[in-house]
Amino acid sequence: MLVRTIAMVLLTLIIIVGLSVVIIWLAVRPKRLVYTMEEASIHGFNLAKNNHLNATFNFVIRAYNPNTKVSIYYDKVEAYVFYYGETVAFTTVNPFFQPRRNVTHLRLNLVARDSVLEGAAARDLMLEKSSGEVELDVRVKAKIRFKVGVWKSGHRTLRIVCSPTLVHFSSSKRFERTFCDVDL
Ligand SMILES: *[C@@H]1O[C@H](CO)[C@@H](O)[C@H](O)[C@H]1NC(C)=O
Ligand SMILES: *[C@@H]1O[C@H](CO)[C@@H](O)[C@H](O)[C@H]1NC(C)=O
């Protein structure tokens with residue numbers, strides 16, 4: 001008798017919790033965040049014989065939050081340029097808040113100063129440079145929180161991968177927008 005009552009109570013609780021989750025989900029209807037690389041350029045490129053690289057990379061990433069109920073705190077944002085799996089430049093972005101249905105452009109300025117490349121990577125980078133364009137791997141890692149009404153979530157790690165990002169050395173060639181992968 002007691003066992004049956006406990007089982008009934010538990011079952012009722014499970015159903016209530018399950019229904020609440022479904023109702024909240026339907027009310028909030030979370031949508032995927034969308035990131036695209038809009039602009040990419042390189043300035044002051046110099047790859048020395050000892051495989052040391054100097055360069056300034058400029059990127060504009062468009063961050064689109066399509067949600068009508070969810071806004072986002074970007075609490076800690078780091079951006080990296082990788083070439084052949086090696087970090088050649090790194091920067092941080094000031095924390096910001098992204099409202100609902102908002103587009104924010106992240107303007108990244110990353111400086112490689114005497115970044116050391118491996119021999120093979122340096123040779124290939126030189127070849128790509130002489131072809132006029134280079135394929136880079138641009139990544140953003142952010143600690144974010146969601147806000148729905150007055151409720152705020154805990155921290156989650158957002159990873160944005162824009163790869164390959166094809167950068168032209170000549171400024172006369174226009175960069176073509178590319179979609180970035182999102183891992184949350
Ligand atoms: C990079 O810049 C620094 C400071 O301007 C300079 O000392 C260094 O020689 C440069 N390295 C290359 C590879 O151009
Ligand atoms: C997005 O949010 C930022 C920060 O609140 C604001 O400055 C910007 O104007 C917003 N953009 C749009 C398209 O609403």
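- Within the structure, every pair that satisfies the side chain to side chain donor-acceptor pair (under 3.5 Å) test and touches residues 79-91, not counting sequence neighbours, is listed here: Glu78-Tyr80, Tyr83-Glu128, Tyr84-Asp124.
- Heavy-atom minimum distance, Arg139 versus Val161: NH1-CG2, 4.0 Å.
- The minimum heavy-atom distance between Thr157 and Arg159, with the atom names listed, is CG2-NH1, 3.8 Å.
- When atom types are taken as modelled, the side chain of Gln98 and the backbone of Asn102 share a donor-acceptor pair closer than 3.5 angstrom.
- Here Phe179 is tied into one hydrophobic group with Val34, Tyr64, Val103, each link being a pair of ILVMFWY side chains closer than 4.5 Å.
- Contact detail for Ala122 and Leu47: the closest heavy-atom pair is O-CD2, 3.5 Å.
- When all heavy atoms of Asn67 and Asn65 are compared, the pair lying nearest together is ND2-OD1, 2.9 Å.
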Under 3.5 Å donor-acceptor pairs involving side-chain atoms of residues 144-156, not counting sequence neighbours:
{"from": "Arg145", "atom 1": "NE", "to": "Asp75", "atom 2": "OD2", "distance (Å)": "2.7"}
{"from": "Arg145", "atom 1": "NH2", "to": "Asp75", "atom 2": "OD1", "distance (Å)": "3.1"}
{"from": "Arg145", "atom 1": "NH2", "to": "Asp75", "atom 2": "OD2", "distance (Å)": "3.2"}
{"from": "Lys147", "atom 1": "NZ", "to": "Gly149", "atom 2": "O", "distance (Å)": "3.4"}
{"from": "Ser153", "atom 1": "OG", "to": "Phe146", "atom 2": "N", "distance (Å)": "2.8"}
{"from": "His155", "atom 1": "NE2", "to": "Asp75", "atom 2": "OD2", "distance (Å)": "2.7"}

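- The two residues Thr165 and Val138 come nearest to each other via the heavy atoms OG1-CG2, 3.8 Å.
- Looking only at side-chain heavy atoms (C-beta outward), Glu133 and Ser131 come within less than 4.5 Å of each other.
- Side-chain contact between Phe82 and Leu136 is absent, with no heavy-atom pair separated by less than 4.5 Å.
- The side-chain heavy atoms of Pro30 and Trp25, taken from C-beta on, include a pair separated by under 4.5 Å.
- For Tyr73, the ring pair (Phe, Tyr, Trp, His ring centres under 6.0 Å) partners are Phe97, not counting sequence neighbours.
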Report all side-chain donor-acceptor pairs from residues 105-116 shorter than 3.5 Å, counting only partners two or more places apart or in another chain.
{"from": "Asn109", "atom 1": "OD1", "to": "Asn58", "atom 2": "ND2", "distance (Å)": "2.8"}
{"from": "Ser115", "atom 1": "OG", "to": "Val88", "atom 2": "O", "distance (Å)": "2.6"}

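- Residue pairs meeting the side chain to side chain donor-acceptor pair (under 3.5 Å) criterion with at least one partner in residues 175-184, sequence neighbours excluded, are Glu38-Arg177.
- Shown here for Val140 and Ala79, the closest heavy-atom pair between the two residues is CG2-CB, 4.2 Å.
- In this structure, Val81 and Phe59 have side chains that are in contact, with non-hydrogen atoms separated by less than 4.5 Å.
- Two residues are said to be in side-chain contact when any heavy atoms from C-beta on lie closer than 4.5 Å; Leu33 and Ile72 meet this criterion.
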